[in-house]
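Reminder, nothing fancy here: chain letters follow the sequence lines and each chain counts from 1. In this text, all values refer to a predicted model and were calculated from it rather than measured experimentally.
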Number of protein chains: 2
Amino acid sequence: MLMTRNCRFAVAVHVTALLGTMAPQPCTSEWIAGSVNTNPVVVRRILSALAKAGLVSSTRGSTGGSILAKAAERITLLDIHRAVAEDETPALHNQPPNPACPVGRNIQSVLIRVMDRAEAAKEAVLATTTLAEVVGALRNEA
Amino acid sequence: MLMTRNCRFAVAVHVTALLGTMAPQPCTSEWIAGSVNTNPVVVRRILSALAKAGLVSSTRGSTGGSILAKAAERITLLDIHRAVAEDETPALHNQPPNPACPVGRNIQSVLIRVMDRAEAAKEAVLATTTLAEVVGALRNEA
DNA sequence: CAAAAAGAAACTGACTCTGTTACATAATGC
DNA sequence: GCATTATGTAACAGAGTCAGTTTCTTTTTG
């Protein structure tokens, strides 16, 4: 499979949708990994990021597992995106442009302005969809 | 430098802004590379993608170089983005999810719907800015 | 205390990307 | 014609990213 970027957001939505579907039953990373079709450690890495963002909570031990930390109606896809892709800022130049050139000296500030606006528009769309809506859509398709 | 994604879009805007600033004078990849602070071959790769999209045109030989193929007013940042980042679709799962699970069976179609909407919103912002506006902004800051 | 689960560290293989070298192709001016 | 200059392109290396895996520790239950 040729995937350009990382698939953490896709897995994170999948994981939280599972938790929302099974609530209030906690799910183990091994069981979740069976649906996502990956390794339990990969799932735990995603769950760890989601927990840091306050979206899920996990407990250890023989009856342990993970559950949503908030109602699915109060979790948006933007929350999930920020939890697992927080430092994915759009890339500028690898090397700083030539400051002796008028274009090189100022291009990055212009680029940052427009990229920030574009990213904000993308995030605004993600903010309009709640996890509850995703869970509902999955129920309807199933 | 820790850059998450590729910097082709940033370089492409830089290159076309240079061409717009210097028009109608053609620019060599070596001279452009001096402003971008990279290797001429890197610039030529970007120029090649931009030429395929009909945004620039290059000529060889001792008086050769590259120029914009259209007026800067008629080139948007979306044109440039599509020229150099055409196949950068948001990533889904690496492995297909488990089709025996109701969530796994349908999560990707739901994800594609919302990701497409988010990507469209981002592109709409890029479409609102023309290369001429970028060149003008650079002139004002210089 | 045994079993079961998360948490975390370390490593691997595949892939991406920039930068680089080398060479072929084409156009200009003498 | 021919040297010069520039693009076009292929091939490769080094750094970095990422999913997947193994291994071990920590925590909780019964």
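- Rounding to whole angstrom units, CD of residue Q95(B) and C1' of dC15(C) are separated by 14 Å.
- T16(A) contributes a side-chain N or O that, together with a main-chain N or O of V13(A), makes up a donor-acceptor pair within less than 3.5 Å.
- The two residues H93(A) and I107(A) come nearest to each other via the heavy atoms CE1-CG2, 3.9 Å.
- Side chains of E123(A) and H81(A): no donor on one and acceptor on the other come within 3.5 Å.
- Atom CD of E30(B) and atom P of dG19(C) are 15 Å apart (whole Å).
- Proximity note for S62(A) (side chain, C-beta onward) versus dT28(C), dG7(C), dT29(D): the nearest is dT29(D).
- Taking the side chain of T63(A) as heavy atoms from C-beta on, and the options dG19(C), dG8(D), dT29(D), the nearest nucleotide is dT29(D).
- In this structure, CD1 of I67(B) is placed 13 Å from P of dT7(D), rounded to the nearest angstrom.
- Within residues 37-54 of chain B, the residues having any heavy atom under 4.0 Å from DNA chain C are, by residue number, T38(B), N39(B), V41(B), V42(B), R45(B).
- Taking the salt bridge (charged side-chain N to carboxylate O under 4.0 Å, His left out) definition, one finds that R74(A) meets it with nothing, sequence neighbours left out.
- Of the inter-residue distances, the one linking L18(A) atom CG with L68(A) atom CG reads 10.0 Å to the nearest 0.5 angstrom.
- Across V134(B) and A17(B), no two heavy atoms sit closer than the pair CG1-CB, 4.4 Å.
- Note on N6(B): a side-chain N or O is less than 4.0 Å away from OP1 or OP2 of dC17(C).
- Between R60(A) and the phosphate of dT25(D), there is no side-chain N or O to OP1/OP2 separation shorter than 4.0 Å.
- At whole-Å resolution of the value, CZ in R8(A) and C1' in dG20(D) are 14 Å apart.
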